Each structure stands twice: as structure tokens, then as C-alpha cells.
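For reference, the structure discussed in these notes is given below.
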Number of protein chains: 2
Amino acid sequence: MELSERKKKILQYVIDDYIQTAVPVSSKSITEKHLTTVSSATVRSELSTLEELGYLMQPHTSAGRVPSIEAYKLYVSELMVKEKLSEKELEYIEEAFTNRSKDVDDILKSAAKVISELTQYTSVALSARDSEEIIRSVKMFRVRKSEALLVIVTDNKLLKDSVIALPDGMTDDTLGELNQLLENVISGKTFNEICSMKFSETVEEFQAYKEVFFKVVEALREYIASEGEVVLEGEEKMFAHPEYSDIDNVKSLMSVVTSKDKLVDLMSADGKDIMINIKIGSDGYDDIPSDCSVVTATYLTNGVKIGTYGVIGPTRMDYKKVVSVLENVGKILESIVSKW
Amino acid sequence: MELSERKKKILQYVIDDYIQTAVPVSSKSITEKHLTTVSSATVRSELSTLEELGYLMQPHTSAGRVPSIEAYKLYVSELMVKEKLSEKELEYIEEAFTNRSKDVDDILKSAAKVISELTQYTSVALSARDSEEIIRSVKMFRVRKSEALLVIVTDNKLLKDSVIALPDGMTDDTLGELNQLLENVISGKTFNEICSMKFSETVEEFQAYKEVFFKVVEALREYIASEGEVVLEGEEKMFAHPEYSDIDNVKSLMSVVTSKDKLVDLMSADGKDIMINIKIGSDGYDDIPSDCSVVTATYLTNGVKIGTYGVIGPTRMDYKKVVSVLENVGKILESIVSKW
DNA sequence: GTTAGCAGTCAAGGGCTTCGAGTGCTAACA
DNA sequence: TGTTAGCACTCGAAGCCCTTGACTGCTAAC
């Protein structure tokens, strides 16, 4: 059943007010603040049909109304009026990303911080592992006598993670040859391709150090198989919201937020090309407490995932604010990365 | 005034019991569990003198006794009987550090995790920045056309943090020359020496790219000036302790734990060569809430700081357990690092 | 110095009452 | 048919009182 315009308006008022105040919304307050042309009794009867339709709930008989999960969903998809960020906020975002080292990890941290600061919710950033990303360069640099640092360059990233042990007596020249081989065989391919390749013929000419070669391949495979890095920001911000004055709620949210696995699970967007993804309430996600929402955005440049960012907080979340912040951060992020 | 043996024993019983149960300790429970030879009235009179001396407090008239900050201090320095870790626990520590990449950051994380798991408190690890550490090697590796990765090797660490922009048209040969210069001028010196050096003559021969040279020097100086990395583990563990069933306590502890500056401040050992450092209660440290304790250990190899590790939790902390865990982790850590 | 006995204190918890915000229902009106 | 005023009803929140029980401090005797 399609809701009448007035019902939609009233529902929107209830949700907006509730998001702001965290107090059940009464018929009287609606007629006072928004719908001054009708009486509270009229609103009351509208509210009671909205309740029958499953959009509103009463904590108890003599209380105002509180939105249901259904209502939040409708709100996000239809009712919500997106917020424009203030000049100050836009500047703040801009500033946070200028003069930043171009490292993905740094960007991850900055983004998490900005999002948490502007939304006042706990934010999560997850660096992406996109197996379709093209490897532009793989090189080993000798850092100690028998250790080399493996550096992988892709369009979006510069990885410098694995330290690889070199066999005794490997000369700089041999290392150079090996690097040349790596360049020839691996550069230009995606991680996926590397994973499915065999390399048996490729390395024939290089018997002596094939062991090291396979260590490199192994490191590439391990990288793409591993879950991305997770950054958390503003854990303490949850305390500002009244739902987390109850210790049990804090506990259950904390248990999610401190578990990397659960977070990765939550952040995995189930949408295809949907950029912004909203998970409300228990809604089938076992990992989040039932009164929790997660809003995430996955950013792409040139079709390659650069990361997933989001906030986690009470169902009564300021969705319009969060969505605006995520969209704006996304724009800047993509403009930075695409410059590389 | 020196306490009688019996008073010391009784005080120890009170503290041990209180650490375990979090409930004020009554005279009766002491005679039942520990001092079966005397009556509760006797213990009562001892307790009341211990209270006069400032070692014990009563939450209210008809409650048992609770240790004061003074009592905890005495406990830690004299009364406490150090705990031997179980075989299982020792194995757990051992295992956590085997098959680990030799990266300082990884070790930092592992250590924080182990400490938190074994003590069941929130743990903090702070990677040290020791300006007396000798730089063994500084090298730039070209990763993109106009970007080089700066890798710094010291006895204890492998740093690969800064990406340095190269001027257009810098050839590999020039980069090689620059690396040679870096090797000549910087290797073998401490960070401190680098900071106070001028380099004006050194680079005369290298006018063309002195700009890049100074970027490298700048990166070294920045590194040593920056505060170390902070790793936090087991934030959620604080909820297991009854003092943190009160939301306000959680808030105030969280506000410390989520602020890097405050943590760095707290972790800075004020001891000279004291390895284990205990800060109890408000005790002059503005940053910690008054009912908090911080126990830290600073580990050295070859006289160089490798990091500071510790736990933060309620004043009613299981000091003997924490100290044992920190000591054992320290041993393993040093044996690993000294192998490099 | 130690002990038994007893009176005194105080937090915790259960039950009771009051207060007020907000609703549902109904009858009347446009 | 939609809107409104009025009134009775409901129920959580907060305050209050009382009971209970766990301790202690004190005192007098050993």
C-alpha cells in the first residue's frame, strides 16, 4: 500500500525528530513543530495507522512513537533529504588530505579520522584487496646482506610489506637478473592471473634461484588472499549517544568493533555497483547487535576498488549526515588516487 | 613506622582477596580463609590500625576494608609474591613469536596481543624512537618514475616509511651516486648525530641533487622527532572487570586509551634503568583517571630501546600476574631482537 | 594481647505511592 | 468522510519507606 503524502510527511517528521532527540515522538510535538494546521488528535489517528502498517512502534502504551526498522529503510530510500555539508566541513575534508604522504595506509587512516570527526560516529576503514588490480611493477631491493624488501606497485598502491630471505652468496647481479625476470613475467598482469599461473617453464632458465622467485609469487598470493587492513577511529564517540549509556549495548558493539573478522564481514558490500550500502538493525546480519546500523561506501578508481569506508552506530543514526560525508570523502579520495 | 609481621600478612591477605573478588574484605573472611588461629575481633583491631596508618579504607561504616593507593604501592614493592606462569602460558608466549616476520611492527602487534590475552587487561605497545640508535644503512629505491622509497636499516629495525619525490630527469646512475653519498655520510652515525650535523660542505660536490639529499635528512629527523607507533589490544577486555560496569569509568578510561598523546605520555617511563614501571591511581598523573593503574616495561637490546609495553586497568589490578607476563614477554622479545 | 557479645550503621532491595506525559476512544461538527 | 475536543486510562519514572543482613566498634572479661 502506498502511503498518502501526509503520512509520509508525518513519518519523516517522526524519524527526523527521533534521530535528533532519541526520545519517542508524541503527536503533540508534531503539531507544534511541523504540522501546525491540524490538531494532535488528527496526527494521532495517522500515527496509529502508521503503527498498524509496521512503520512505528510504542515502547509502552503511554509513550510517543519510535520508528521501526522498516521505517528507517523507507526513510533512507525515499524520505530522507540529503544534507549539504557546510563550507567549513568541506574545507576540513580537503585539508585532511592535502600534504599527506601518498601511502594507501596513510590515506586509510586520514579518511577514517575525517569520517569519524564529521559524523561523530565510530568509523571503520578497510583497505581493499582487488584481485583484478594490475601489477605495474614487482621488485626486490636488498636491505641487508641476506634480506630483500619486496615492493609491489599497482595503479593505486605502493606495497612494501614482505621481507624475503635471500640465499647465501646471491650477488647483486643475480638479484638484478631476478628482478628483470619478475618484471617480464609479472608486470602487467592482475593478481588473479598470477594466482592461476604455473610458471614451470618460465623459470627453467633460472634454476639456481627459482626458490626465491617462488617466494615472491607466494608473497603476491598471500597478499591477495589476506584480508585488508582495518582501521578504526573514534571508538570513544559512541559514548556520546544515549543508547550507549547502557553498558551492555557498549559491550556488544565493542565486541564487534574489536574483532577484525566481524568488521571485515560487515564491511563487505553485498551490493554490485551500489556505492553506498546501508545495513540496518539485525536484518539478517548475525554479527551486529540488533540496534545497530552500518553505513559503508566502497570507492573505486578506474574500476578498481581502493577501499571501503563506513561508520557503525545506533540504528537511530543520522543517515543523511553520514551519507553526505561519505559521498564527499569519496569524491576527494578518488580525485587523489586517480592522479597517481 | 615499620609494620609488624602480622600486620603485613593481614594487609597482604586483604589486597590479594580484594584483587581477586573486587569486594571489600571483612575481618571474618580473613579469619576463615587465612588466619584461622585468631578471632575476627583480633583481626578487626589490626585492620583498624592499618586503616589509621592509611593503608586501608572503608567505603562505608558497615563494609569491609579496601586497600588504599599506599597499600598497593607497598604491595607491589614488598608484599606481592611474584607468580610463576604455567607451562601452557609460557608455550603460548613462545608460539606467538615464532614464524613471525621480523618486522618491528609485527612484533609490536604480537606482543600487545599476547600481553592482553594472558593478563586479560587492555594492553598498549609503543614502538621506541631511540635517538642513540646507530643507522646501519640508508638507501633510496626507485619505485615509480619520480618516486623513491627510503629504507633505513638499524640494528633493531627495518624502516620503510617515507616515499621521496625525485626531480624529473634523475637517472638511475645519479640515484646510485646519491645512495653512495648517503652511505658515506650517514651510515654508522646515530640519529642524534644526524640531527646536529650541518652537511653544508658534504654536499658541495653534489649541488644538482642536494635538494633530494636534504629531503632524506629531513625524513630521518622527522622519524626520530615523531612519537612512536602505538598499538592497542583488548579494549573490550576492560568490560570484564566490575569497576567498568559503570559507564562513566569506561568513558574516562576510553578517553585515555583512544588518545595517542595521552598514551604516549603515560607510557614514558620516568625511571632511569628500571625496567618495570608502575603508575598507580591518580598519583600525580593527570592523564589517568584516579582509579586506574598503568604497568609498563621498557625493553632494551644492546642498550637500545626496542619498545615499551604495558597494560592499563583498574587500580585493583592483578599486579603479580601482570609483572610476570611482562617479564616473560620481555625475555623472549630480547632474545628475538638480539639475533638480528 | 585476645576474645565474646552486643549495639549501631548503612547499602541494597522490595514494595508502595505519586506524578505526568501521552494515548485511544467517543461524540460532535464541517 | 475527515477533523476536533474532551476525557478516561495506562504506564514508566522517581521518590519514599521499610526490612534485611553484613560489618564494624566498643566494652568488659579473660
Side-chain angles (χ1 to χ4, degrees), chain A residues 1-11 13-15 17-18 21-68 71 242-243 245-247, chain B residues 1-11 13-15 17-18 21-68 71 242-243 245-247:
Chain A
M1 158 191 168
E2 187 59 27
L3 296 178
S4 72
E5 269 318 298
R6 192 171 68 179
K7 284 200 180 59
K8 280 188 186 169
K9 272 280 166 227
I10 290 179
L11 188 54
Y13 294 146
V14 172
I15 302 177
D17 277 17
Y18 187 67
T21 63
V23 171
V25 182
S26 73
S27 54
K28 199 174 152 208
S29 76
I30 292 179
T31 56
E32 278 167 359
K33 280 193 254 174
H34 308 286
L35 258 189
T36 42
T37 53
V38 297
S39 80
S40 68
T42 310
V43 173
R44 219 142 51 221
S45 76
E46 295 281 59
L47 290 176
S48 91
T49 52
L50 281 168
E51 184 168 354
E52 274 169 38
L53 292 171
Y55 290 115
L56 295 177
M57 298 180 306
Q58 279 184 297
H60 56 88
T61 333
S62 64
R65 256 75 173 202
V66 163
S68 70
E243 21 279 276
S245 56
D246 176 11
I247 196 82
Chain B
M1 156 192 172
E2 185 61 24
L3 296 178
S4 72
E5 268 320 298
R6 192 170 70 179
K7 283 201 181 59
K8 279 188 188 171
K9 273 282 166 225
I10 290 179
L11 188 53
Y13 294 145
V14 172
I15 301 177
D17 277 17
Y18 186 67
T21 63
V23 171
V25 181
S26 73
S27 53
K28 198 175 153 208
S29 76
I30 292 179
T31 56
E32 277 167 0
K33 278 193 256 176
H34 308 286
L35 259 188
T36 41
T37 54
V38 297
S39 81
S40 68
T42 311
V43 173
R44 219 139 55 218
S45 78
E46 295 281 59
L47 289 176
S48 93
T49 52
L50 281 169
E51 184 169 353
E52 273 169 38
L53 292 170
Y55 290 114
L56 293 178
M57 298 180 306
Q58 278 183 297
H60 56 87
T61 332
S62 66
R65 256 75 171 202
V66 162
S68 71
E243 20 278 276
S245 57
D246 176 11
I247 195 82

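Note that this is a predicted model, so its numbers are computed, not measured. Just so it is clear, the values below take in all heavy atoms, side chains as well, and ignore hydrogens, waters and symmetry mates. A note on names: the letters A, B, ... follow the listed sequences, proteins ahead of strands, and every chain is numbered from 1.
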Find every protein N or O atom lying less than 3.5 Å from an N or O atom of nucleotides 27-30 of chain C, and list the pairs.
none

What is the nucleic acid contact for B/T37, judged by heavy atoms within less than 4.0 Å: base, sugar-phosphate only, or nothing?
sugar-phosphate
Does D/dT4 have OP1 or OP2 sitting under 4.0 Å from an N or O in the side chain of A/T42?
yes
Using side-chain heavy atoms (C-beta onward) and a distance below 4.5 Å, is B/R65 in contact with B/S48?
yes
Validation row: A/Y55, A/L3 side chains within 4.5 angstrom (heavy atoms)
yes
Between A/P59 and A/G64, the two heavy atoms sitting closest are CD-O, 3.5 Å
Nearest heavy-atom neighbours spanning A/Y18 and A/V25
N-CG2, 3.9 Å
Within the supplied structure, the quantity of interest is the number of heavy atoms (other residues, nucleotides, ligands) at a distance under 6.0 Å from A/K9 NZ; does it exceed 12?
no
Summarise how protein sits on nucleotides 24-30 of chain D as a single string, 5' to 3': B when a protein heavy atom is under 4.0 Å from the base, S for sugar-phosphate-only contact, - for no contact.
BB-----
Pairing nucleotide - D/dC30, Watson-Crick or G-U, each distance under 3.5 Å
C/dG1
Distance, rounded to the nearest Å, where [X] contributes [atom1] and [N] contributes [atom2]:
| X | N | atom1 | atom2 | value |
| --- | --- | --- | --- | --- |
| B/H60 | C/dT9 | NE2 | P | 14 Å |
| A/E5 | D/dG2 | CD | P | 17 Å |
| B/I30 | D/dA22 | CD1 | P | 17 Å |
| A/L35 | D/dT4 | CG | P | 10 Å |
| A/E46 | C/dG24 | CD | P | 13 Å |

For B/T42, run the side-chain hydrogen bond (donor to acceptor under 3.5 Å, both in side chains) check against B/S40, B/S45, B/S39 and tell me which one passes.
B/S39
Could you state the interatomic distance from OG (A/S26) to CG (A/L47), rounded to the nearest 0.5 Å?
9.0 Å
Of B/P59 and B/V38, the one whose closest nucleotide on DNA chain C sits nearer the 5' end is B/V38
Pairs in or reaching into residues 21-47 of chain A: which pass salt bridge (Lys or Arg N to Asp or Glu O under 4.0 Å), with residues at least two apart or in two chains?
A/R6-A/E46, A/K7-A/E46, A/D17-A/K33
Please check: side-chain N/O of B/S68 versus main-chain N/O of B/G54, any donor-acceptor pairing under 3.5 Å?
yes
